[in-house]
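Keep in mind the model is a prediction, meaning the values are calculated, not measured.
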Amino acid sequence: MPLLEIKNLKVDFFSNGARLRAIDDVSLTMDAGETVCLVGESGCGKSVTALSIARLIPSPPAHYPAGEILLDKRDVLKMSNSELRGIRGAMVSYVFQEPGASLNPVFQIGSQIKEMLKLHRPKDATREEVLRLLALVGLPDPELRMANYPFEMSGGMQQRVMIAMALAAQPRLLVADEPTTALDVTIQAQILDLLKHLRNELGMAILLITHNLGIVGDMADRVAVMYAGQIVELAQAREMLRRPLHPYTKALIGSVPKLTDGQQRLTSIPGTVPSLGAFPPGCRFYPRCPSARPKCATTMPELVEIEKERWVRCLYAEPNP
């Protein structure tokens, strides 16, 4: 039984009297212990999809006109506020980018982690459990660190603290939204290795949101590529990287630097992601697609399983040999 099932989700935002669709017919499943990467450019709907899992987007301005979000077969979209408080943290926890903006600058690290424990596991809200969590995420000298304030720690240390706080409630699903964006390359690798280690040790599922396809092959079991509020390709990670089928996925992979003997010009994607309310009537990638045909301008493609465990939203995508 899947841990998470998102079925035909639609999310609208109200702005100046207009209803703008941000997420359009998104479906995605995740099993316990699985890592799924949600990739795409900024503005494609990745974070809105992730925040919707625990209904963290205020309503209004957000509105959910259709779809289901099932956590252990319970529909999040039908939960009361008290039921939502019960799953936030305990069932699904979040780690965001720029940890310094999420930590309270006037409280010590140990106090902030203990506050999470008091909320979700009051019997375990002890100094020993705080030290265990700090050690679990690889912070050196946990006794010293729990007395630190956020400004006394590096960005990498702050992100480890945020992961410790997310793990305090023992969630079954960890949503990591661009968790390495503000960190240098070496620290990025350490955080990603930590997430892999925690997934294997704790058996939790991870939804990793990123625009960096360079980390997908090493982290993900499956990849969902988003564009303009829709999933345009969904497949096993290694298979997608080996032979992408959607033109947008091909363009994203082509823009990743490669270690080759000679110099090679990176592929760029012309134009930008269309803004809400300005989606083209047919295929949303049509204005930027190098393989576009006249029919693409008027016909919206469906997300179709063109081979086993391989879904593509393109009128002309075909399985490769």
If the threshold is 4.0 Å, N to carboxylate O, is there a salt bridge linking R310 and E233?
yes

**Message:** Go through it in stages, so that I can follow the logic: the residues are I163 and L198, the test is side chain to side chain contact (heavy atoms under 4.5 Å, CB included), and I'd like the CA-CA distance, side-chain angles, deciding distance and then a yes or no.
**Reply:** CA-CA 10 Å; I163 295 172; L198 293 172; 3.7 Å; yes

Closest non-hydrogen contact found for L117 with E129 is CD1-CG, 3.7 Å

Correct closest heavy-atom pair for R55 and M79 would be NH1-O, 3.2 Å

The single option from M204, Q190, M219 that satisfies side-chain contact (heavy atoms from CB on, under 4.5 Å) with L195 is M219

Distance col, row L133:CG vs K114:NZ, nearest 0.5 angstrom, shows 12.0 Å

Within the side chain of R222, is there an N or O that forms a donor-acceptor pair under 3.5 Å with the backbone of T29?
yes

**Report entry** K73/E5 ion pair, N-O < 4.0 Å
**Finding:** yes

For L3 and A32 the tightest heavy-atom approach is CB-N, 4.0 Å

Mind checking whether V137 and L167 have side chains closer than 4.5 Å, heavy atoms only? yes

Heavy-atom neighbours of R238 CZ exceed 12 at 6.0 Å: no

Exam field: side chain R313 to backbone E302, donor-acceptor pair closer than 3.5 Å:
no

Tracing side-chain contacts under 4.5 Å among Ile, Leu, Val, Met, Phe, Trp and Tyr outward from F107 reaches V106

Residues M157 and P140: closest non-hydrogen pair is CE-CG, 4.4 Å

In this structure, CZ of R88 is separated from CD of E83 (nearest 0.5 Å) by 11.5 Å

- prompt: Can you check whether T35's main-chain N or O pairs, donor with acceptor, with D221's side chain at less than 3.5 Å?
  reply: yes

Test side chain to side chain contact (heavy atoms under 4.5 Å, CB included) applied to Q108 and M146, step by step = CA-CA 7 Å; Q108 294 174 322; M146 70 180 297; over 6 Å; no

Result block: side-chain N/O donor-acceptor pairs under 3.5 angstrom for residues 168-175, not counting sequence neighbours:
from : atom 1 : to  : atom 2 : distance (Å)
R172 : NH1    : D72 : OD1    : 3.3
R172 : NH1    : D72 : OD2    : 2.3

Residues passing the salt bridge (Lys or Arg N to Asp or Glu O under 4.0 Å) test with D124, sequence neighbours excluded, are R121

Check: Would a 4.5 Å heavy-atom cut-off, applied to side chains only, mark M300 and C283 as touching?
Finding: no

Members sharing L315's hydrophobic cluster, built from side-chain contacts under 4.5 Å between Ile, Leu, Val, Met, Phe, Trp and Tyr, are Y316

Correct closest heavy-atom pair for M240 and V225 would be SD-CG2, 3.7 Å

Shortest non-hydrogen pair, P150 vs L103, comes out as CG-CB, 3.8 Å

- Any ion pair linking R243 and E307 (charged N to carboxylate O, less than 4.0 Å)? yes

Rounded to the nearest 0.5 angstrom, the CD1-SG distance for I206 and C37 is 9.5 Å

Output for pair (L136 CG, L194 CG), nearest 0.5 Å, gives 7.5 Å

Open item on the list: Looking at Y149, is its backbone amide N or carbonyl O close enough to the side chain of E152 to form a donor-acceptor pair, meaning the two atoms are under 3.5 Å apart?
Closed with: yes

### Message
Please check this pair: side chain of E309 against backbone of Q236, looking for a donor-acceptor N/O pair closer than 3.5 Å.
### Response
no

Compile the donor-acceptor pairs under 3.5 Å between side chains in residues 19-28 and protein atoms, sequence neighbours left out, one pair per line.
from : atom 1 : to   : atom 2 : distance (Å)
R21  : NE     : D12  : OD1    : 2.7
R21  : NH2    : D12  : OD1    : 3.3
R21  : NH2    : D12  : OD2    : 3.0
D24  : OD1    : K10  : NZ     : 3.0
D24  : OD2    : R284 : NH2    : 2.7
D25  : OD1    : N8   : ND2    : 2.8
S27  : OG     : N8   : N      : 2.8

Throw together a table of side-chain donor-acceptor distances under 3.5 angstrom for residues 42-52, partners on residues two or more places apart or in other chains.
from : atom 1 : to   : atom 2 : distance (Å)
K46  : NZ     : G40  : O      : 3.0
K46  : NZ     : E41  : O      : 3.0
S47  : OG     : D177 : OD1    : 3.3
S47  : OG     : D177 : OD2    : 2.8
T49  : OG1    : G45  : O      : 2.8
S52  : OG     : V48  : O      : 2.7

Query raised in the report: Do side-chain atoms of T299 reach the backbone of C296 as a donor and acceptor pair under 3.5 angstrom?
Result: no

d(I57 CD1, H63 NE2) to nearest 0.5 Å is 13.0 Å

Q) Is the backbone N or O of D31 less than 3.5 Å from a side-chain atom of E34, with the two atoms forming a donor-acceptor pair by type? A) yes

Between the OG atom in S59 and the CZ atom in F14, the distance rounded to the nearest 0.5 Å is 8.5 Å

Query raised in the report: Under a 4.5 Å cut-off applied to non-hydrogen side-chain atoms, are Y94 and M162 in contact?
Result: no

* Chi angles and distances behind the salt bridge (Lys or Arg N to Asp or Glu O under 4.0 Å) call for E143, R127 -> CA-CA 9 Å; E143 293 232 14; R127 174 185 175 86; 2.7 Å; yes

What orientation do Y248 and H246 show, parallel under 30°, tilted 30 to 60°, or perpendicular over 60°? perpendicular

Of V185, I191, I187, the one forming a side-chain contact (heavy atoms from CB on, under 4.5 Å) with T180 is I191

